[in-house]
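Below, chains carry the letters A, B, ... as their sequence lines are ordered, and counting in each starts from 1.
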Protein chains: 2
Amino acid sequence: MNVSRQQNGIANSAERGPRARTRKLMLDTATRLMQSGITPSVSEVAEAAEVSRATAYRYFPSQAALVHAVVDEALGPILDWSCERPDARTRIADLLATAMPRIDEFEATFKAALKLSLDQWAQRQAGTLGNEPLFTRGHRVDLLKCVTAPLQGTMTPESRERLAQALSLVFGVEVLIVLKDIWGLTAERAQSVAEWAAKALVDAAIRQAEGET
Amino acid sequence: MNVSRQQNGIANSAERGPRARTRKLMLDTATRLMQSGITPSVSEVAEAAEVSRATAYRYFPSQAALVHAVVDEALGPILDWSCERPDARTRIADLLATAMPRIDEFEATFKAALKLSLDQWAQRQAGTLGNEPLFTRGHRVDLLKCVTAPLQGTMTPESRERLAQALSLVFGVEVLIVLKDIWGLTAERAQSVAEWAAKALVDAAIRQAEGET
DNA sequence: ACCGTTATGATACTCTCGTCTCACAATTTT
DNA sequence: AAAATTGTGAGACGAGAGTATCATAACGGT
């Protein structure tokens with residue numbers, strides 16, 4: 001066994017060589033298909049990317065792996081968001097302004113991801129599928145903890161955490177699902193509602209803390 | 001063709017006869033399986049209910065139809081909720097107190113329903129599946145419009161609608177998904193956070209309206 | 001009791017997903 | 001150039017969902 005660079009099936013995407021090339025081809029194809037609205041199966045990506053089914057399955061053993069990879073790409077700008085505004089109000093506004101358009105742009109991808117996490121939850125309930133990590137890695141938690149960080153000292157840690165939890169309800173794909181699909185709003189209106197709600201929640205937490213002192 | 005009472009495969013559940021009996025048996029079995037956590041396929045329900053696969057498919061042509069029917073049962077107490085409290089604050093609190101425990105009780109069912117609606121959305125995006133009604137019939141909209149009804153006159157209709165839309169973000173399965181699965185909260189804590197957020201939103205809308213007069 | 005309707009069960013079939021095996025092509029190593 | 005390694009394609013295979021057909025059991029009216 002030599003020290004070649006392809007030991008694990010799905011290697012780091014930063015690598016070179018034919019494997020990385022094919023993987024990127026498939027990933028780009030999958031991303032394109034997803035942004036066009038459909039949630040492609042592995043076979044569909046294989047056909048669109050003009051590789052054989054067998055090859056496609058070598059890189060992405062399931063639709064879940066495929067969606068997972070596309071989500072990681074779509075998540076990029078959101079994870080890079082700089083949590084540097086001075087106060088919580090502007091931080092949450094800035095976060096929503098950054099994240100929501102991106103989520104809307106990749107709506108199909110994020111919805112597919114949510115669907116997968118529901119699948120995994122159901123399978124776990126059923127007893128199948130041990131306690132592997134759930135699909136949803138809580139990026140939301142970290143982002144919102146940073147958003148509420150400036151409030152440290154102005155309220156109890158419990159109140160701050162509750163605020164972060166409440167804010168997580170108005171920040172994510174779910175918002176788009178509810179406001180666009182049920183209410184029939186546009187993406188812009190949905191974002192505006194989310195921003196209003198977020199501001200209301202932050203204000204309420206601050207006001208409540210001031211009243212208690 | 002005579003005028004007998006079983007023209008459509010899934011007849012009104014209030015009817016009598018062998019069809020209604022088998023249907024109820026399957027529905028109860030499906031509900032039981034779902035509350036135990038799993039989202040059964042039609043075949044699984046058939047086996048559990050001790051009817052043949054063919055018979056099962058006669059009543060519920062797909063897993064979607066099955067989940068749909070179970071959701072309708074699970075929704076019962078929520079749709080029966082009496083919107084009769086005097087003001088918006090108590091109405092939303094009352095609604096959450098009624099609905100959230102029920103949603104938590106049938107968590108697997110509602111998650112399965114959400115999964116189905118995501119499926120249908122994806123299929124519609126893909127061009128397949130014409131514009132049939134989406135799975136999510138907006139019960140939320142009607143309930144929350146009634147919740148905000150007492151505010152009529154105290155603010156602009158736009159503000160009231162925005163409040164209803166914002167409230168819809170803190171009322172539904174999504175709340176449980178985010179707070180239980182991502183934050184690791186208990187159902188009780190989740191409900192408490194939802195109630196806090198709902199109160200904050202209503203207060204913000206009212207306060208804002210008062211400030212504008 | 002008879003006959004037609006209706007619900008059911010058994011079975012075979014199609015389709016798709018995902019797995020597996022084997023043969024071939026491309027590339028690298030010696 | 002020959003040989004070994006590695007990526008790819010083609011096709012077989014099994015599992016599961018959903019459909020369709022046919023035979024039989026239960027029910028209902030005359």
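Applying the salt bridge (charged side-chain N to carboxylate O under 4.0 Å, His left out) criterion to B:Asp28, with sequence neighbours excluded, gives B:Lys24. For B:Ser41, the side-chain contact (heavy atoms from CB on, under 4.5 Å) criterion is met by B:Ser43, B:Glu44, not counting sequence neighbours. In this view, A:Asp94 and A:Arg85 satisfy the salt bridge (charged side-chain N to carboxylate O under 4.0 Å, His left out) rule, not counting sequence neighbours. Under the salt bridge (charged side-chain N to carboxylate O under 4.0 Å, His left out) criterion, B:Lys115 pairs with A:Asp119, sequence neighbours left out. Residues forming a side-chain contact (heavy atoms from CB on, under 4.5 Å) with A:Glu188 (at least two apart in sequence, or on another chain): A:Thr186. The side-chain contact (heavy atoms from CB on, under 4.5 Å) search around B:Gln35 returns B:Thr31, B:Glu105, B:Phe106, not counting sequence neighbours.
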Indicate every side-chain donor-acceptor pair of residues 194-204 of chain B with a distance under 3.5 Å to a residue at least two apart or in another chain.
residue: B:Glu195; atom: OE2; partner: B:Gln191; partner atom: NE2; Å: 3.1
residue: B:Trp196; atom: NE1; partner: A:Gln208; partner atom: OE1; Å: 2.9
residue: B:Lys199; atom: NZ; partner: B:Asp203; partner atom: OD2; Å: 3.0
residue: B:Asp203; atom: OD1; partner: B:Arg89; partner atom: NE; Å: 2.6
residue: B:Asp203; atom: OD1; partner: B:Arg89; partner atom: NH2; Å: 2.9

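Taking five base pairs at each end of the helix from C:dA1-D:dT30 to C:dT30-D:dA1 and finding the rotation axis that steps the C1' atoms of four pairs onto the next four gives two axes whose angle is 0°, to the nearest 10°.
Spacing between atom CD1 of A:Ile38 and atom C1' of C:dT16 amounts to 15 Å, rounded to whole angstrom units. Note: CG (A:Asp119) to C1' (D:dG16) measures 15 Å, nearest angstrom. Nucleotide D:dG7 holds its C1' atom 17 Å from the CD atom of A:Glu50, rounded to whole Å. Taking atom CE of A:Met26 as the reference point, atom P of D:dG7 lies 15 Å away to the nearest angstrom. The separation between A:Glu47 atom CD and D:dG9 atom P is 13 Å, rounded to whole Å. Taking atom CZ of residue B:Arg58 and atom P of nucleotide D:dC22, one finds them 14 Å apart after rounding to whole Å.
In this structure a side-chain-to-backbone donor-acceptor pair under 3.5 Å is missing from A:Ser82 to A:Glu84.
Look at B:Thr55 and you won't find any side-chain N or O under 4.0 angstrom from OP1 or OP2 of C:dA7. Phosphate contact (OP1/OP2 of D:dT8, side-chain N/O of A:Tyr59, threshold under 4.0 Å): present. An OP1 or OP2 oxygen of D:dG9 is reached within less than 4.0 angstrom by a side-chain nitrogen or oxygen of A:Ser52.
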What pairs of nitrogen or oxygen atoms, one from the protein and one from nucleotides 17-20 of chain C, lie under 3.5 Å apart?
residue: C:dC17; atom: OP1; partner: A:Ser41; partner atom: OG; Å: 3.1
residue: C:dG18; atom: OP2; partner: A:Tyr57; partner atom: OH; Å: 3.1
residue: C:dG18; atom: N7; partner: A:Arg53; partner atom: NH1; Å: 3.3
residue: C:dG18; atom: N7; partner: A:Arg53; partner atom: NH2; Å: 3.3
residue: C:dG18; atom: O6; partner: A:Arg53; partner atom: NH2; Å: 3.0
residue: C:dT19; atom: OP2; partner: A:Pro61; partner atom: O; Å: 3.2
residue: C:dT19; atom: O4; partner: A:Arg53; partner atom: NH2; Å: 3.3

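If you check distances only, the side chain of A:Arg21 never reaches the base of D:dG7 with a donor-acceptor pair under 3.5 Å.
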Start with the C-alpha gap between B:Lys111 and B:Asp181, add the side-chain angles, then the distance that decides, and say whether salt bridge (charged side-chain N to carboxylate O under 4.0 Å, His left out) holds. CA-CA 12 Å; B:Lys111 284 187 175 180; B:Asp181 299 347; 2.6 Å; yes
